[in-house]
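What you are looking at is a predicted structure, and each value in this text was computed from that prediction instead of being measured. What you see below is based on every heavy atom in this structure, not just the backbone, and it leaves out hydrogens, waters and symmetry mates. In listed order, ligands and their atoms are each counted from 1.
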Amino acid sequence: MPSSEQANPLPFNDPAHWDKMVATYEAQSQPFTTHFAEAAVAMLPIGPSSKVLDVATGTGAAALAVARRGADVTAIDFSAGMVARVRAHEVANIEARQMDGQALDLPDAAFDAAVSVFGVMLFPDWRAGLREMARVTRSGGSAAIAVWKSADGAAVHLLLAQIIRRLYPDNVTPMPCTGLAELADPGRLAVAVVAAGFADPVVVEVTHDFKLNVANPTEVDRLFEFMPHWSGLDAEQSAAVARAFRSEIERGRIGDTFTIPSTALIATALRP
Ligand SMILES: C[S@@+](CC[C@H](N)C(=O)[O-])C[C@H]1O[C@@H](n2cnc3c(N)ncnc32)[C@H](O)[C@@H]1O
């Protein structure tokens, strides 16, 4: 693994960060990621007798989509808080377990299908995450992996990056997730999926609107607390970006909603 993939300063790689985010994630992000999770799960040939793994399940968007098809789901996440939230859904055919997606505590070839929606791309060793998905998928099984089409991610991250690129093109700090940048390309995503042990990859684009509730300006300001794009800016530049962000929202809002279209790449592939 290249050393750049080991040192990752983002809170995304700290389970404690995600533990704190459970309620916010469920309220603001899961309704949005569910669209992509539904699309990814619909691409898998699964039904009531299938065993399916959801890697980095979060609050369970993909696990719930799989469970609605009657399949048995193992939903894993390294955040104890996320795992507890999925267990609290009390869905009989979902078993939620806390584990690292880069080193799954699961046997080889145990699943008919594996899915990861905006999960593996965040791992410091995202290649290991993909390899682990292949290892636990049986021969003839399949996988679906959803990533963002932009290295800037989606939703508020994407909007903020666009504003900073416009105002200070030399000061954009790239998202320090190597997987996010590397996999944000259909060709590279297909190559990575094959390198992990899958075959016959097919990559499609799926776009949905992120609907930001802008009723409360303080909440809007809090949104970019964790944004890596801030770190390359001085105080004056940060203030200018915040002003541009607010005026973009004022111009584009419809009532209390500001819409940010975001595009994912979803790769499906077979396990030889
Ligand atoms: C952006 S959320 C995606 C959640 C869900 N799949 C969805 O689409 O809504 C990323 C999730 O990855 C989990 N995660 C990050 N690194 C992980 C790792 N190394 N192993 C397992 N889970 C991880 C986080 O705890 C978080 O729940």
Side-chain angles (χ1 to χ4, degrees), residues 1 5-6 8-44 52-67 73-89 94 96-106 114-133 135-136 143-148 150 152-158 175-180 183-184 206 208 210 226-228 262 264-267:
M1 176 172 61
E5 291 179 17
Q6 288 165 355
N8 191 329
L10 264 194
F12 298 157
N13 297 129
D14 179 1
H17 163 72
W18 292 102
D19 288 345
K20 283 184 288 189
M21 293 289 293
V22 173
T24 310
Y25 193 88
E26 182 165 41
Q28 292 176 6
S29 302
Q30 189 187 336
F32 173 58
T33 61
T34 291
H35 297 300
F36 299 96
E38 286 283 358
V41 167
M43 293 171 198
L44 293 171
V52 181
L53 174 68
D54 178 19
V55 175
T57 190
T59 47
L64 290 164
V66 173
V73 193
T74 300
I76 75 98
D77 201 286
F78 74 170
S79 152
M82 293 291 186
V83 169
R85 183 64 196 101
V86 175
R87 284 186 187 143
H89 290 309
I94 299 179
R97 294 177 59 184
Q98 185 184 7
M99 68 181 80
D100 186 346
Q102 300 162 111
L104 295 171
D105 182 16
L106 295 166
V115 61
S116 184
V117 177
F118 313 130
V120 167
M121 66 180 194
L122 300 178
F123 299 175
D125 194 352
W126 52 270
R127 291 185 179 86
L130 291 175
R131 276 198 308 272
E132 282 292 82
M133 289 178 73
R135 179 181 67 74
V136 302
I145 296 119
V147 301
W148 294 119
S150 167
D152 293 322
V156 179
H157 288 277
L158 187 61
M175 294 274 267
C177 298
T178 56
L180 191 74
L183 300 174
V206 177
H208 286 285
F210 179 78
F226 286 111
M227 302 279 163
S262 302
L265 301 175
I266 303 180

Q30 near ligand 1 by a heavy-atom separation under 4.0 Å: no
Interfacing atoms of ligand 1 (cut-off 4.0 Å, heavy-atom, M82): 27 (O)
Close side-chain approach of W126 to T178, heavy-atom, < 4.5 Å: yes
Close side-chain approach of I76 and T74, heavy atoms under 4.5 Å: yes
Sidechain-backbone polar pair: W18 side chain, M82 backbone, donor-acceptor under 3.5 Å: no
Flag the pair L106 / M99 as yes when at least one side-chain heavy-atom distance between them is below 4.5 Å, and no otherwise. yes
Among all protein heavy atoms, pick the one closest to atom 1 (C) of ligand 1 and tell me residue, atom and distance. F118 O, 3.4 Å
Just need the protein heavy atom nearest to atom 19 (N) of ligand 1, so name the residue and atom and give the distance. D100 OD1, 2.9 Å
Is it the case that ligand 1 has an N or O less than 3.5 angstrom from some N or O of I76? no
Can you tell me how far apart CD1 (I145) and CE (M121) are? Round to the nearest 0.5 Å. 12.5 Å
Check: F32 ring centre within less than 6.0 Å of H208 ring centre: no
Distance filter under 4.0 Å to L122 heavy atoms, resulting ligand 1 atoms: 10 (C)
Note: heavy atom closest to atom 6 (N) of ligand 1, options A154, A56, G119, G58, belongs to A56
Quick one: are D77 and Q98 in side-chain contact, heavy atoms under 4.5 Å? no
Those atoms of ligand 1 less than 4.0 Å from some heavy atom in Q102: 19 (N)
Considering non-hydrogen atoms of the protein only, which is the closest contact for atom 8 (O) of ligand 1, and what is the distance? V117 O, 3.2 Å
Please report which non-hydrogen protein atom sits nearest to atom 23 (C) of ligand 1, along with the residue it belongs to and the distance in Å to one decimal place. F78 CD2, 3.4 Å
Check the side chains of S79 and D19 for a donor-acceptor pair under 3.5 angstrom, ignoring hydrogens and angles. yes
Looking at atom 20 (N) of ligand 1, what's its closest protein heavy atom, distance included? G101 N, 2.8 Å
Find out whether L53 and V115 are in side-chain contact, i.e. whether some heavy atom of one side chain is under 4.5 Å from a heavy atom of the other. no
Give, for atom OG of S262 and atom CG of D152, the distance between the pair rounded to the nearest 0.5 Å. 11.0 Å
Does T33 approach ligand 1 within less than 4.0 angstrom via side chain, backbone, both or neither, non-hydrogen atoms only? side chain
Does M99 come within less than 4.0 angstrom of ligand 1, counting non-hydrogen atoms of the residue? yes
Going by the order shown, which atoms of ligand 1 are within less than 4.0 Å of some heavy atom of S79? 25 (O)
So, does Y25 sit close enough to ligand 1 that a heavy atom of it is under 4.0 Å from the ligand? yes
Distance from atom 13 (C) of ligand 1 to nearest protein heavy atom, with residue and atom: D77 OD2, 3.4 Å
Taking atom 5 (C) of ligand 1 as the reference point, the nearest protein heavy atom with its distance: T57 O, 3.3 Å
R135 (side chain) donor-acceptor with L104 (main chain) under 3.5 angstrom: yes
Between W18 and ligand 1, which part of the residue brings a heavy atom under 4.0 Å of the ligand: side chain, backbone, both or neither? side chain
Quick check: does any side chain N or O of D54 sit under 3.5 Å from a backbone N or O of A75, one acting as donor and the other as acceptor? no
Protein heavy atom at shortest distance from atom 17 (C) of ligand 1: F123 CE2, 3.2 Å
